[in-house]
Structures are given as structure tokens and as C-alpha cells.
Amino acid sequence: MVITRTREELYKTLEGFSKQTGKLALIPTMGNLHDGHLSLVRLAKLKASKVIATIFVNPLQFGENEDYKKYPRTEKLDVEKLKKEYCDILFIPRSGEEIFSKFEKIRTIDSGSLGSELCGKIRPGHFNGVLTVVNKLFELIKPDIAIFGAKDYQQQILIKKMAKSLHPKISLIKAPIVRSKNGVALSSRNNYLSEKEVDIASNLFKCLQKSVVSYKNNEELKNILNNAKSFLISKKLVPDYFELRDSELNLISKNNFEGNKVFLGSVTINNTRLIDNIEF
Ligand code: AMP
């Protein structure tokens with residue numbers, strides 16, 4: 001695996017690869033890699049001849065009182081894990097300057113009204129930060145394919161919308177959610193939880209599963225959502241939101257919606273916010 005830390009090193013490495021044939025797949029991450037991230041690398045290896053992962057804890061997507069400073073940084077372990085998966089290139093900028101150079105104005109990408117809903121309501125500006133950095137990575141790397149996890153469902157939809165307009169040549173792939181044995185979606189933020197709290201957190205997935213069954217049994221949507229919130233509270237999880245949307249995240253207000261849909265939930269446990277969803 002070639003490790004690049006500056007734009008210059010990145011460009012030189014990509015130039016070498018561009019002379020060869022085949023597709024380049026990009027996997028942007030913030031590091032502290034777990035099996036969820038690595039599943040994206042494995043999928044990329046199947047879809048492209050070269051795979052580039054990036055590790056950058058993007059300050060633009062953290063609010064003032066959020067965990068930017070304490071976000072887990074585990075570079076050495078991450079490099080070993082990526083090597084084991086035969087990742088071809090890692091771009092791990094030595095400073096933020098390599099992404100947002102002081103010689104150019106940052107092009108801020110506006111995540112629109114959807115960017116202020118669901119997670120965006122709780123984290124104002126978060127998705128503008130995400131889209132701004134992903135747009136920059138797309139500009140620097142110019143991949144053929146980019147892979148994002150379904151775990152961050154709203155993020156993946158917003159990136160798809162942004163790419164359709166600004167980077168129409170890039171094919172986006174959504175990778176399935178990887179979970180631990182008890183159903184908790186793997187996340188770097190699970191590191192903030194005790195074993196007991198991880199156990200409690202598994203009730204979010206249970207709640208999503210129960211809600212899907214209830215919907216398929218034609219229960220009133222309003223009751224399903226109310227019951228879900230009560231269930232989460234009874235398990236000592238504080239619901240930030242629990243909603244049913246269509247697969248493009250438009251609101252659904254009635255039962256018997258035929259198309260693809262998704263229950264999305266966000267809960268807080270001891271100051272740590274976790275998200276999860278089920279598509280059906
Ligand atoms: P992050 O490092 O949290 O920014 O995540 C980088 C990429 O990994 C994003 O596309 C995430 O959606 C994806 N990802 C994170 N956790 C999981 C998971 N449990 N299963 C699948 N993909 C994931």
C-alpha cells in the first residue's frame with residue numbers, strides 16, 4: 001500500500017495508476033477503522049482495480065461542542081488493517097492544509113433543506129461540512145467509484161444528490177451496515193460506551209426491527225412511532241428522532257406506502273449519539 005501525506009505525493013501516485021487501465025474506487029473515512037469501514041474496502045476491491053482510502057477527521061463537520069478533539073485517532077492500527085485488505089493507496093493528509101489549501105477559497109457545499117432535517121436538525125451545519133470535504137476529495141482524487149455506508153443513510157443520500165450535480169461521472173455505491181453480534185451498528189463512537197451501554201444500545205436495532213414488523217402488520221404509523229419512542233425511553237435511550245421516510249428521505253405520513261422505505265433512529269446514551277436504520 002502506498003501511503004501519501006501531501007497533495008503532491010497523492011497526485012504523483014494517482015498519475016502512476018492512471019497510466020494503467022481499470023477503475024479507481026474511493027473510500028473516505030475519518031479513521032479508527034472497524035469492520036464496517038473494512039467491508040467498504042472489500043467491496044471496492046470487487047468493483048475496481050485500484051482502491052484508495054482516505055483518513056481525515058474533518059473539522060468542518062463537527063459542531064463547537066462536539067467531539068472533534070477527542071475523536072479516536074488510531075493511525076498505526078488503521079494502516080495495518082488497510083494493508084491486510086490489500087488497499088492500494090492511503091491518503092492521510094499530514095495537515096488540514098493538504099485538503100483545504102490556504103491558497104484557495106474553500107468551496108462550501110450547501111446541503112439544502114434535507115441537510116437541516118433528521119441528524120442535520122441536531123447537528124446544524126454538519127452536512128455542509130461533510131459535503132464540502134467529500135466534494136474536495138472528489139476534486140483531488142477524481143475516482144470512478146466512491147463507496148459510502150448505509151449506516152450514515154442521510155449522509156449517503158446527500159452525497160448522492162451532490163455528486164449527481166457536481167460529479168456526474170462518479171458512480172456511487174451504498175454498502176450494507178455491518179453490525180456486532182448483538183445488532184449494534186459498528187461505529188467509532190461505540191468506543192465511548194461501556195460494555196453495559198453497548199448492550200443497552202442494541203435496543204435501537206431491536207426497536208427498528210419491531211417497527212418494520214408492525215408496519216408490515218398494518219399497524220397505524222403514528223402508533224408505531226409513538227411506541228418506538230416509548231420503548232427506547234424504557235430502555236434508557238434518549239430518542240433524538242425516530243422516523244419513517246421513503247428511500248430518498250421524503251416524508252411518509254400514511255400506512256401502506258408501497259415503495260422502498262427506511263426507519264431511521266437516533267438516540268443518545270450518556271452524551272454519545274448513535275444512529276441506525278433499516279431499509280425495507
Ligand atoms: P466514518 O469514518 O465514520 O466517516 O465512516 C466512513 C465510511 O464508513 C462512511 O461511508 C460510513 O457510512 C461507513 N461506515 C461506518 N460504519 C459502518 C458500518 N457499521 N457499516 C457499514 N459502513 C459503515
Side-chain angles (χ1 to χ4, degrees), residues 1-2 4 7 10-11 13-31 33-56 58 61 82 85-93 99 107-112 114-115 119 127-178 185-186 245-250 259-262 264 277-280:
M1 182 169 75
V2 183
T4 59
R7 280 189 185 197
L10 175 71
Y11 285 149
T13 308
L14 290 175
E15 209 174 50
F17 280 133
S18 72
K19 292 195 182 107
Q20 303 165 18
T21 52
K23 297 206 161 161
L24 176 69
L26 165 67
I27 295 150
T29 81
M30 296 205 298
L33 302 181
H34 50 63
D35 214 42
H37 299 112
L38 300 177
S39 74
L40 272 50
V41 178
R42 285 174 212 134
L43 184 59
K45 294 294 293 183
L46 298 175
K47 301 278 178 188
S49 53
K50 292 285 174 233
V51 176
I52 174 166
T54 62
I55 295 180
F56 178 58
N58 168 30
Q61 68 189 72
L82 289 171
E85 300 297 338
Y86 303 102
C87 182
D88 299 285
I89 312 170
L90 168 62
F91 178 42
I92 177 162
I99 303 273
R107 181 180 181 193
T108 304
I109 306 293
D110 187 342
S111 57
L114 179 56
C119 286
F127 288 115
N128 292 356
V130 170
L131 294 186
T132 299
V133 79
V134 171
N135 175 58
K136 190 73 225 178
L137 290 172
F138 283 178
E139 282 176 2
L140 292 174
I141 296 168
K142 298 185 178 62
D144 302 291
I145 296 168
I147 305 187
F148 296 90
K151 196 208 123 216
D152 299 280
Y153 196 93
Q154 186 178 10
Q155 165 175 290
Q156 164 269 132
I157 290 285
L158 286 166
I159 291 170
K160 194 173 79 176
K161 286 179 193 288
M162 181 268 287
K164 197 172 164 193
S165 161
L166 302 182
H167 303 275
K169 283 192 189 156
I170 302 178
S171 313
L172 295 197
I173 298 178
K174 177 177 66 175
I177 302 175
V178 176
L186 298 188
R245 299 257 178 147
D246 77 9
S247 57
E248 294 295 311
L249 294 183
N250 301 304
N260 295 339
K261 44 205 169 290
V262 53
L264 306 117
N277 66 81
I278 296 187
E279 298 174 71
F280 65 108

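For this chain, numbers begin at 1 and follow the sequence in order.
- A side chain to side chain contact (heavy atoms under 4.5 Å, CB included) with F148 is found for one member of I173, I27, L26, I159 and no other, namely I159.
- To the nearest 0.5 Å, atoms NE2 (H37) and NZ (K151) are separated by 7.5 Å.
- Under the side chain to side chain donor-acceptor pair (under 3.5 Å) criterion, K136 pairs with E104, E139, sequence neighbours left out.
- Residues satisfying the side-chain contact (heavy atoms from CB on, under 4.5 Å) criterion with N128, sequence neighbours excluded, are D110, S111.
- The structure places CG of L114 at 5.0 Å from CD of Q154, a figure rounded to the nearest 0.5 Å.
- Panel note: side chain S171, backbone I145; no donor-acceptor pair is recorded below 3.5 Å.
- Between E279 and N260, every side-chain heavy-atom pair lies at or beyond the 4.5 Å cut-off.
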Please step through side chain to side chain contact (heavy atoms under 4.5 Å, CB included) for the pair L14 and I89, ending with a clear verdict. CA-CA 9 Å; L14 290 175; I89 312 170; 3.9 Å; yes

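- Counting only heavy atoms from C-beta outward, the side chains of I109 and L166 approach each other to under 4.5 Å.
- Residues L40 and T29 are not in side-chain contact: their nearest non-hydrogen atoms beyond the backbone lie 4.5 Å or more apart.
- Between K50 and D144 there is no salt bridge, since no side-chain N of the basic residue sits under 4.0 Å from a carboxylate O of the acidic one.
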Check step by step if side chain to side chain contact (heavy atoms under 4.5 Å, CB included) holds for S247 and Y153. CA-CA 9 Å; S247 57; Y153 196 93; 3.6 Å; yes

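- Within the model, atoms CG of N135 and CZ of R107 stand 5.5 Å from one another, a figure rounded to the nearest 0.5 Å.
- Contact record, I55 with M30: CG2-C, 4.0 Å, taken as the closest heavy-atom pair.
- Residue P168 comes nearest to K164 through the heavy atom pair CB-O, 3.7 Å, listed as atom of the first residue, atom of the second, then distance.
- In this structure, I147 CD1 and K174 NZ are separated by 13.5 Å, a value rounded to the nearest 0.5 Å.
- Closest non-hydrogen pair, L137 versus P28, comes out as CD1-CB, 3.9 Å.
- Other residues, nucleotides and ligands contribute more than 12 heavy atoms inside 6.0 Å of the OH atom of Y11.
- Across all their heavy atoms, A44 and A25 have their closest contact at CB-CB, 3.9 Å.
- Atom CG of N277 sits about 12.5 Å away from atom CZ of R245, to the nearest 0.5 Å.
- Shown here for A175 and L43, the closest heavy-atom pair between the two residues is CB-CD2, 3.8 Å.
- Among the candidates D88, L10, L90, the single residue satisfying the side chain to side chain contact (heavy atoms under 4.5 Å, CB included) test with I52 is L10.
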Start with the C-alpha gap between V133 and F56, add the side-chain angles, then the distance that decides, and say whether side chain to side chain contact (heavy atoms under 4.5 Å, CB included) holds. CA-CA 9 Å; V133 79; F56 178 58; 3.8 Å; yes

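- The distance from the CD atom of Q61 to the CZ atom of F127 is 9.0 Å, given to the nearest 0.5 Å.
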The test is side chain to side chain contact (heavy atoms under 4.5 Å, CB included); show your working for K169 and K142 and say whether it passes. CA-CA 9 Å; K169 283 192 189 156; K142 298 185 178 62; over 6 Å; no

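- Of all heavy-atom pairs between C87 and V51, the closest is SG-O, 3.7 Å.
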